[in-house]
Amino acid sequence: MTIPTKKKMAPAASKLYADDVSLLMVLIDTNPFFWNSINTSLSFSKFISNVLAFLNSILLLNQLNQVVVIATGYNSCDYIFDSSALQNHNQKGESLLQKLEEFVDKDESLCRDDSVDGPGFSLLSGSLSMALCYIQKVFRSGPLHPRPRILCLHGSPDGPGQYVAIMNAIFSAQRSMVPIDSCIIGAQHSAFLQQASYITSGIYLKPQLLDGLFQYLTTVFATDLHSRSFLQLPKPVGVDFRAACFCHKNTIDMGYICSVCLSIFCKHHKKCSTCGSVFGQAQTQDSSTPDRKRKTSVDN
Amino acid sequence: MADGQVMKRAKYKSSVKDPGVPGVLKMTRERFVFMPNDPNSSRKLNVEFRTIKGHKFTKEGSSRQALLNLTQEHGGNYILEFDSFADRDICREFVAAAIAFHGETGKATSEKPAAPLQGEQLSTAEMEHRIKLLQEDNELQMLHKQFVIGGILTEAEFWATRKKLLDQNDRRMPKQHVALKNEMWSVKPLSDGQSNRVTFNLTPEIILQIFAEKPAVRQAYLKCVPIKMSEKEFWTKYSRAEYLHSTKNVVAAAAEAAEDEELAIFLKQDDMLANEARRKIRRVDPTLDMEADVGDDYLHLLDHGLLREESKDVLDSQYEPYRRYFSQDLNQHAAVVLQGRVVDVELGDTRSVAEALARTKQAELANEASEGNSEIDLSHRISRIAEMDDLQGPRDPAVAHLCIKDPGDYFDSQQANALKALGDTGSGVKTLKCNVSPLEAYGSLRELVSEIRVRGLSEPITNPEVAFTVLSGLTQNISSTKYHLGKNPHESVLDSLPKVTREDLLHHWTSIQELLKHFWSSYPITTKYLYTKVTRLKDALSQVYPKLQEIKESVQSDFRHQVSLLVHPMLQALDAAFAHYDADVQKRSAKNGERTNGFV
Ligand SMILES: [Zn+2]
Ligand SMILES: [Zn+2]
């Protein structure tokens, strides 16, 4: 399913320097309500130490590799680490953790809710957009730059309110040929990230054994884009593109689509419930279609 | 020199004021013929050059019409107007040659009738020009040496292919102005390395360029030399300023300028230039399409990527007048070079050069001022911008803005199915707390962060057994999905088939392709050889047919559908070949029905 996106300028041509030099944008889920709501062997501190070890291995894989970490919070998101901006290379972990603490404070200060029911949603659309902006900046930095990809380490459930923003981000990533890898560390699968990875030819994985997160990260997500063409990586089972109607939430194979906002309905309505467009009379007979077409073309 | 003939479009006029009859003028050594475009017109000409005594012509520039007037012995004349002066000049030369030829032959009938090319008599000037060309161009010289001196080409043949080079010396061409050097006079101080002395080289040419590019320097010269200071002092001061600029030390430049009024003129930004720039900006065509630049990928580069730009450090505004921007210099230089040499004075006399330049500038300004209607013109143009496509909003009927009440609807519409396809829903992970306050949640998160900060990374990062389980789990998962036929279109159906079937199919497909290639290329059948070849190929193809059916039947029912999907296009290709073969045979037999035997 697609929703209308604004026409964008042609993407800056990808100018690559070496096949296997990567720019890895890591989006980590720092939604406190999510981390509070789960009871697994994977605590946030263990998660972070696994991620730190993984980031180190990425930077060791190739001297030119670059890692940027974006924290996806409950109220905000922000860059918390950029290997290219780092002065002291022995303080990678320390600097990340410090920025992370600052970020948590800031995110809390923005919190307006008195209490949150369940794990809440993290601001994935925001961090995806930030990652894509960073990548665009790198694309424009000159002819030499690493090949970018995005890795979402995500646990919070999908936020329905972010649907349009996230789909736009996904299509933007697809246009710039930036794969979005997803590693789901929460209880539920993420339909967003499943689509994101599917559309951008990234890898979607929900580890069965969160204890071995580091192993999953290094085995599956450390692979640079060039090597992926030679390796067998977990493949998507396939995305079920059938949609449910907006009116009854029934899965349908055929239905009516609002020509304005692309909402899906199982039967004809007089007015679109999503965008309010008023529809004309349903065309019951095929023979009447040509007449109508002619009419509209004259009107234009 | 004189080719056989010349043909040009022209108008034949009875007088200069007569609009003339359009037609074609054709000239040979012997005669010229004018044929009007209108075949009914009576104003045809067919005149022998023998009778022509002289010719007159209008000067380019002074007259609008490119005329050629041929005068006859006994007073008559023919006025011809050409489309261009270039055309006219070609004819004029031809006429001149023809008249000269007939004049000579009239006097001395056949001294040298027709051998102008062989013993080509060259004037000394022409000879010198050729030698100069050879000296200037090494490659040309080598070629000349190799072929002309080597006896492979004659001198005339060698130069005949290089007429253009020779034409440059054409004495009839107006004297060409030498353009200004397209090179910026940048300060390259010659330092002897020992003393603090820095030497600059100023030639009259460089001075002209400085005056042209820096009106303030020109003005200062006219004002100060020789009343206030000598010429030498002036240039020393100027060089000092240039040197200061070259050090890029704006602060030092400002300090020196504060003490020396004249030096300050050189160091400060050129006010006259700034005024002129402002004036020019006002004259920029408002219809200029700035949007054309938007897509350029270098826009993100500072100063369009000019490397020589000064450091970007922030300076007090008091130093701003002393800053010089490379891009400004470059633009001014380009403008001056493009304008060309506007003054025509002897370069040696610096004062007269400066005065001449000042005069031209004034004349320019006066001209501009006299063009009073430029304001009207400008407003006229501005009113026209409104009609430019890319500066206008869409003309479609008013569009209502897309207003989506709840984007979550889209989400709901999809999520159910997407998650269904993925199967499991969080085994082993259970939701614990239902309702927490932000204080609690953020607090515990912060605690966990500081926990790692204090304790450092856990050692080992991962348990070897767990790692092994993960690795083998992943491997198994990958190898199973490889043969699992999902809805992924990138996965080949072939991969799912048994190896034997797959190889059989591939083999048949390649052999069919090979046979069909030969089959189709044999048509139309024109020889007996092709006929037998086609028959042979058709037999071979028909043997593949049953084999494909066999494969279809041999596979298990799970795969049968997929195999038949694969086989279908192959069968179609075969059928098409057979149909063509049959049709061709029928056509052939119908045609050859009467013939008793024989093939074609
Ligand atoms: Zn419905
Ligand atoms: Zn709608």
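The chains referred to below are lettered A, B, ... by the order of the sequence lines, with proteins before strands, and numbering in each begins at 1.
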What I'd like to find out is whether the side chain of A:Val220 reaches to under 4.5 Å of the side chain of B:Leu474, using heavy atoms alone. yes
Looking only at heavy atoms and a cut-off of under 4.5 Å, which of A:Trp35, A:Tyr216, A:Phe214 has the most pairs with chain B? A:Tyr216
Under 4.5 Å from a heavy atom of chain B, the part of A:Leu97 involved: both
Please report the interatomic distance OG(B:Ser444) to CZ(A:Phe33), rounded to the nearest 0.5 Å. 10.0 Å
What part of A:Ser273 lies closer than 4.5 angstrom to a heavy atom of chain B: side chain, backbone, both or neither? backbone
Any idea which heavy atoms bring A:Asn36 and B:Glu440 closest together, and the distance? ND2-O, 3.9 Å
So which part of A:Gln162 gets closer than 4.5 Å to some heavy atom of chain B, the side chain, the backbone, both or neither? neither
Applying a strict 4.5 Å limit to non-hydrogen atoms, the region of A:Phe34 in contact with chain B is neither
Less than 4.5 Å apart, side chain to side chain, heavy atoms only: is that true for A:Glu108 and B:Leu439? yes
Using a strict 4.0 Å threshold on nitrogen-to-oxygen distance, state whether B:Arg446 and A:Glu101 make a salt bridge. no
Based on non-hydrogen pairs under 4.5 Å, which of A:Leu205, A:Thr218, A:Asp105 is most in contact with chain B? A:Asp105
About how many Å separate CG of A:Asp107 and CG of B:Leu445, when rounded to the nearest 0.5 Å? 9.0 Å
Report which part of A:Asn250 has an atom under 4.5 Å of a heavy atom belonging to chain B: side chain, backbone, both, or neither. neither
Taking the six-membered ring where the residue is Trp, are the ring centres of B:Tyr442 and A:Tyr74 under 6.0 Å apart? no
Separation between CD (B:Glu465) and CG (A:Asp211), nearest 0.5 Å, reads 11.5 Å
So, the part of A:Thr274 with a heavy atom under 4.5 Å from chain B: the answer is both
Heavy-atom closest contact (A:Gly212 atom, B:Thr462 atom, distance): CA-OG1, 4.1 Å
From CA spacing to verdict: side chain to side chain contact (heavy atoms under 4.5 Å, CB included), A:Ile48, B:Val449: CA-CA 8 Å; A:Ile48 287 293; B:Val449 176; 5.8 Å; no
For chain A, which of B:Val466, B:Ile461, B:Asn463 has the most heavy-atom pairs under 4.5 Å? B:Ile461
For a 4.5 angstrom cut-off between non-hydrogen side-chain atoms, does B:Tyr410 reach A:Cys261? yes
In Å, rounded to the nearest 0.5 Å, how long is the span from OG of A:Ser49 to CZ of B:Arg455? 10.0 Å
Interface moiety of A:Cys275 toward chain B, non-hydrogen atoms closer than 4.5 Å: both
